[in-house]
Structure formats: structure tokens, C-alpha cells
Amino acid sequence: MDPSPLPNQAPAFTKALLAWYQENYRPLPWRETPSLYSTVVSEFMCQQTQIATVLPYFDRWMKILPSFEMLTIASESLVIKLWEGLGYYSRARNLQKLAHQWMAAEPKPETAADWLAYPGVGPYTAAAIASITYEEHAAVVDGNVVRILARLTNDQREFSDNGKAVKAFTTLAGLLITHAERPGDHNQAMMELGATICSKANPQCLICPVKDFCEGQRVGNPAQLPRLAKRQIIQKRIDRVFLIHGGRLLIHRIPTTAKRLAGLCELPPGDLLEVSFPAELILTRRRGIANERIEERFLRIDWNSKLHSLITKDETLFWQPLNQLNDITLTGPHRKWLAELMAL
DNA sequence: AAGACGGGGAG
DNA sequence: CTCCCAGTCTT
């Protein structure tokens, strides 16, 4: 006899899930002394970023900017500096805008619908804030939840992208949280389950607290779900210059009007300085950006008068003293690779 | 409905 | 090396 459909078992499901969560949750810093502010900050940082990466950033941020009010007072350059290396810098700018809006708001936003109007807050973050801080029965639907629900229902559909999958499981996620005693913990438990037990690779079905509700586990291959189409990877290559002159390093400040990394600093692109071979190739590094695969080649060039005129003419190029490199905000990889370049 | 947005950890 | 993660915004 087939088991009852999952929605009919929602009360028992959330009960089992919460019981497991209470005994097994990781003591993350934003769970120690929860507040609206710490919840908002952690949710912004965790967008598209793994928890382990976020931890040191979160701790430093909360020490320096412990409240919405402090965040509104801070300079944008400090905010970006604290975000250096996390990526998706619009999150940091949106977070500061949000702080300003929240300070001015009266009455204060509480529901997910209220929060959805704030910059940088989409369906996921709105539900997270409303459930964790205000115990609203709003379900988060992210990659973790999609994976869990696809396996629970043994859903074999193939989704062309993550957005489609999220939409497909939003209704079910909402049904499951309806009867949750503590909606905030229910949502966090779903994410915790996805991060630890119902992981993408090698799910630990034997110790899963909701395996009795899982059609995927009952029928066959939960590890194969969900079925998501993979995206094409684009290959790129860029040459950059590593030039030190008079105790200063040549830096390129990305225009604030740029689409990506606006306002941040980087090692100057070679084409900006009209660098041509032969130049001394001193380091090659690769990195991924979204669906791009970028190879960066670093060239050592010598200072000359032609460069001087180019640099003087271009306002995005400037000299930064070597002992003041921490005063500028570099892109994450360049911050890291600069140490290697200096050692050469 | 697509594409853009950054970076790093895991396997 | 490849994959993809506590998504959102723009076009």
C-alpha cells in the first residue's frame, strides 16, 4: 500500500524535523543570541555563499557594525571593505540601504510581504527574516529545500534552472510549514538538514530524521535528485600587469559605473597599459566566476616614460604605497594573489 | 524568461 | 579539475 501523500503528513513531518534540529543544530554565531539585525546580516552574507566562508566575515562585521544604526553611520567604503572577498558586493550596498530604510520606517516591517519591499531582500530572505524573527509561517525555498523536497516526493522532473525548481516546490514547502510550532526553527531545520544529512552528494539517508516520509528513499535513488540542467561554462583569459615603482604598486580602480566590482581595486588589465609581448610572465592563476572560467596571466613590466603618460592620463590608474595596501579594497583573488606576486 | 553578479569550498 | 552554494536584480 502506498504511503499517504506528504502534505497529509505535514504535522508529523515538522515534528520529527524539529526534534532532530533541537538535538543536532550547529551552534552558528547568529543562532547564539538571535536578533533581527544578526538575522538580516547573516541571511545577506549567506546568499550564494557557504557557511564556512561567511563565519569570519560575520564575526568581524558584528564587532564593527553591531546594529542598524551603526551601519547607517558607517562609510560605504568601510562597508565594502568589510565585504572584501565575499563577492556579490551589491549585497553589502543593499544591506546599508536597508538599514537606512529600516531606521526611517514606522511602523517597522514584520511580515515577509513587508520585507520583500526592502533592497536585496527576495522571497527567500523575506521568508527567513519573517519566520526567524517574527515566527511567521513563511517557508524558505532555496537550493537545500528544493533538494530535500525533490527527494521526499521522488520528483523526477528535470528543471532547466534553479529558479524553475524553486517555483515548483514553493507550494509544498508552504504546506509543510503550516503546522510548524516554531516556523523559524522549521526553516532553519530544513536548511540544516540539507547542509548535513540530505547533502547533494552522499546523502546520509540511514540517519535521516525524516526518512519515513521520503518517497525517494523508499523507491530508489534520492542522491540523483533533483534533476537540474547544468549550465555551459565560458572560457576567458586576461593579462594583467604587476608594476612596482618607487615603493608603490600600480592599481586600477574599477569605475563605479561598472557592472561588476564597481569601486573595487584590482591589478591593472594589460590592455589598459597597452602592454605587448615580450613581457615577463611571472604568474598564471585560474578562477571561476558564476558560469565563467577565467585564466589570469600576470606580467612584470618596467616603468618607462610612455607608461607614465598613460597612467597620468587615465584617472582609474593610480599608485598605492606598498605599506598602505590594506587601505584599498581589492577583489578577493587579487588580494590573495598579491602575496604570491610580492614574494616573486 | 534569461543573464549578470564573485568567490571559495568540496569531491 | 568541475560543480555549485542560506538568491536577487536587471534587462
Side-chain angles (χ1 to χ4, degrees), chain A residues 25-26 28-31 38-58 80 83-95 97-98 115-129 131-132 139-148 159-167 170 173 184 186-196 198-203 223 226 228-236 254 258-264 266 285-296 329-337:
Chain A
Y25 73 88
R26 293 169 293 177
L28 302 176
W30 48 86
R31 289 174 177 164
S38 61
T39 300
V40 171
V41 172
S42 65
E43 291 301 339
F44 267 65
M45 285 189 175
C46 286
Q47 289 170 11
Q48 293 292 287
T49 307
Q50 295 181 348
I51 303 299
T53 304
V54 166
L55 290 175
Y57 285 88
F58 180 83
I80 297 299
W83 210 270
E84 180 186 48
L86 263 186
Y88 288 117
Y89 296 90
S90 62
R91 291 183 294 175
R93 296 195 175 88
N94 283 333
L95 185 50
K97 284 186 203 163
L98 180 152
W115 281 100
L116 202 49
Y118 278 69
V121 177
Y124 167 83
T125 306
I129 295 170
S131 64
I132 293 172
V140 298
V141 188
D142 70 331
N144 283 314
V145 175
V146 164
R147 188 168 58 251
I148 293 167
F159 301 101
S160 55
D161 61 71
N162 192 57
K164 293 267 192 9
V166 165
K167 180 175 280 187
T170 294
H186 174 99
N187 278 331
Q188 294 199 74
M190 289 291 279
M191 296 184 280
E192 194 78 348
L193 186 69
T196 60
C198 199
S199 48
K200 177 168 174 50
N202 307 118
L228 293 166
K230 50 185 174 185
R231 288 167 53 167
Q232 188 177 336
I233 302 297
I234 301 166
Q235 306 283 345
K236 288 186 179 177
I254 302 166
K259 285 200 162 185
R260 66 173 70 167
L261 302 171
L264 273 71
E266 61 179 3
R285 285 290 177 269
R286 291 176 181 79
R287 63 185 172 117
I289 300 177
N291 63 332
E292 295 177 12
R293 193 75 198 147
I294 303 174
E295 181 185 74
E296 300 200 28
T329 303
L330 286 163
T331 64
H334 287 193
R335 168 68 63 190
K336 186 172 60 181
W337 297 337

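What's counted below: heavy atoms across the whole structure, side chains too, no hydrogens, waters or symmetry copies. What you see is a predicted model; the values in this text were computed from it and never measured. So you know, we letter chains A, B, ... as the sequences are listed, proteins then strands, and number each from 1.
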Worksheet item: Roughly, in whole Å, what's the span from CG in A:D142 to C1' in C:dC5?
Response: 9 Å

Worksheet item: If you look at every strand shown and take non-hydrogen atoms under 4.0 Å, does A:L28 touch a base, only sugar-phosphate, or nothing?
Response: base

Item to complete: For residues A:W83 and A:Y57, establish whether the separation of their ring centroids is below 6.0 Å.
Response: no

Discussion item. Expressed as a whole number of angstroms, how long is the span from A:W30:CH2 to C:dA6:C1'?
Written reply: 8 Å

Worksheet item: Are side-chain heavy atoms of A:R31 and A:Q188 found at a separation under 4.5 Å?
Response: yes

Response to the item:
Per-nt protein contacts along nucleotides 1-11 of chain B (heavy atom under 4.0 Å; B base, S backbone sugar-phosphate only, - none) come out as SS--BBBBS--

Practice prompt. Look up atom OG1 in A:T331 and atom CD1 in A:I254, then write down how far apart they are to the nearest 0.5 Å.
Written response: 6.5 Å

Worksheet entry | Atom-pair distance (CG on A:N94; C1' on C:dC9), nearest Å | 8 Å

Discussion item. Check this for me, if you would: do A:R286 and A:E296 make a salt bridge, where the nitrogen-to-carboxylate-oxygen distance has to be below 4.0 angstrom?
Written reply: no

Practice prompt. Salt-bridge test for A:E295 and A:K236: reply yes if a basic N is under 4.0 Å from a carboxylate O, no otherwise.
Written response: no

Worksheet item: More 5' along DNA chain C: A:R31 or A:L116, using each one's nearest nucleotide?
Response: A:R31

Worksheet entry | Any A:K200 side-chain nitrogen or oxygen under 4.0 Å from OP1 or OP2 of C:dC4 | yes

Worksheet entry | P atoms of B:dG3 and C:dA6, separation to the nearest Å | 24 Å

Worksheet entry | Sugar-phosphate, base or nothing in reach of A:V166, heavy atoms under 4.0 Å | nothing

Worksheet item: Just checking, any donor-acceptor pair under 3.5 angstrom between side chains of A:Q47 and A:Y124?
Response: no

Worksheet item: Rounded to the Å, how far apart are A:L228 CG and C:dC5 C1'?
Response: 12 Å

Practice prompt. Can you tell me the distance, in whole Å, between the CG atom of A:N162 and the C1' atom of C:dC5?
Written response: 10 Å

Item to complete: Look at the side-chain N and O atoms of A:T125 and state whether any lies under 4.0 Å from the OP1 or OP2 oxygen of C:dT8.
Response: yes

Discussion item. In whole Å, I'd like the distance from the CD atom of A:E43 to the C1' atom of C:dC5.
Written reply: 14 Å

Discussion item. I'd like the C1' distance from B:dG9 over to C:dT8, given in whole Å.
Written reply: 22 Å

Worksheet item: Taking the C1' atom of each, how far is B:dG8 from C:dC9, in whole Å?
Response: 23 Å

Practice prompt. With A:P119 as reference, evaluate A:R91, A:K97, A:R93 under the side chain to side chain contact (heavy atoms under 4.5 Å, CB included) test and give the passing residue.
Written response: A:K97

